[in-house]
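Numbering of ligands and ligand atoms starts at 1, following listing order.
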Amino acid sequence: MKREFLMNLNTRVLKLNKKLISVCDIATEEIQEVFNIARAKDFKISPGKTFISLFFENSTRTLLSFEKAANICGFNVLRFDPGASSLVKDETEINTIRTLCAMGVDACAIRTGKSGYTALLANYFSAETSILNAGDGSNQHPTQALLDLYTILENFNIVFTKNCLKSLKIGIMGDILNSRVARSNIMLLSKLGANITLIAPPNFLPWNFRNYYMKQFNCVISYDLAATLKAGLDILMCLRVQKERMESGGKFSFSSALYSVKSEEELNGAKIMHPGPINERVEISGSLAYESNNSLISKQVENGVYIRSALLKFLCG
Ligand code: CP
């Protein structure tokens, strides 16, 4: 069954299931509703609800963004710190969740380094608890894709409709093989009509991935960043090399001469996005990321708080 069909199966899929594990778990109508809440900035929920961040893998943006969002909404905000917890006394992660549930939890953001593990852990919460996947291995990062979409619509002044990205050419460049952000964005943005070009050296875009993305999501494949930028993109999304997901211990690397952007001239008018963390001078220069008018990177971070607040309000308000 094609993903786009799954995504349209139920117009209230997230409201009913309360589990945002993948971008397939939110219907188009629900995205529109969440974006309306984000724009109106009306985030307050009824008092007495508890949010827990449960991050088994490191994070700066997503962790603090979720916690700021939960505070804005009016949750009691708790952070579970694995290193300071009874996990180090060999308590299992599943029994940890049983303990959290006994205390009472209305919403929980989970990050894990293992693909598919958030979906498994979600089964141990009650059906009423809202679960938001804050990134699982190389699988999915749905709130990142939603905040990226919101940032694109805002920057290009596009009204959200079912095919609203059809005029946009979006390049996704870098370690596509290991990137959950790439997976979520390819699925979400192509569903809304975006023309997506995947740009990577062959070791980060093996033939089975390449064929899958071409067939399922109409992606174009490029091994030449300079030529793709010269031909014209509206947006270039950069990804860092995800060393932590490589069995080879991070030996695969970029040729940063070929798969890196350093100046506005190279962009040829394209806006630049990056989910972070940035590896400066590998896939992007620091000045381009943080000083250029072409960069939407700080806006992505700012919008992350609004989108996560809106999701929490949508689920728990
Ligand atoms: N974009 C993102 O997931 O960044 P963090 O790993 O810092 O949360």
> Could you tell me if the side chain of Lys162 sits less than 4.5 Å from the side chain of Leu192, heavy atoms only?
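Of all side-chain heavy-atom pairs linking Lys162 with Leu192, none is under 4.5 Å.
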
> Distance alone, cut at 3.5 Å: any donor-acceptor contact between the side chains of Thr151 and Gln300?
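No - no donor-acceptor pair under 3.5 Å links their side chains.
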
> Are Leu120 and Phe56 connected in a single hydrophobic cluster, I mean Ile/Leu/Val/Met/Phe/Trp/Tyr linked by side-chain heavy atoms less than 4.5 Å apart?
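Phe56 clusters together with Leu120.
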
> For Ile307 versus Ala38, what's the shortest heavy-atom pair and its separation?
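Closest pair (atom of Ile307, atom of Ala38, distance): CD1-CB, 3.9 Å.
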
> Note every protein N or O atom lying under 3.5 Å from an N or O atom of ligand 1, pairing the names and giving the distance.
unit_1, atom_1, unit_2, atom_2, d
ligand 1, 1 (N), Gln144, OE1, 3.1
ligand 1, 1 (N), Pro275, O, 2.7
ligand 1, 1 (N), Gly276, O, 3.4
ligand 1, 3 (O), Thr62, OG1, 2.9
ligand 1, 3 (O), Arg111, NH2, 2.9
ligand 1, 3 (O), His141, NE2, 2.9
ligand 1, 4 (O), Arg61, NE, 3.1
ligand 1, 6 (O), Arg111, NH1, 2.8
ligand 1, 7 (O), Thr60, N, 2.9
ligand 1, 7 (O), Arg61, N, 3.0
ligand 1, 7 (O), Arg61, NE, 3.2
ligand 1, 7 (O), Arg61, NH2, 3.1
ligand 1, 8 (O), Ser59, OG, 2.6
ligand 1, 8 (O), Thr62, N, 2.9
ligand 1, 8 (O), Thr62, OG1, 2.6
ligand 1, 8 (O), Arg111, NH1, 3.4
ligand 1, 8 (O), Arg111, NH2, 3.3

> Answer yes if the ring centres of Phe80 and Phe55 are under 6.0 angstrom apart, and no otherwise.
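Ring-ring flag for Phe80/Phe55: false, centres at least 6.0 Å apart.
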
> Side-chain heavy atoms under 4.5 angstrom apart, residues restricted to Ile, Leu, Val, Met, Phe, Trp, Tyr: same cluster for Ile52 and Leu312?
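No, separate clusters.
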
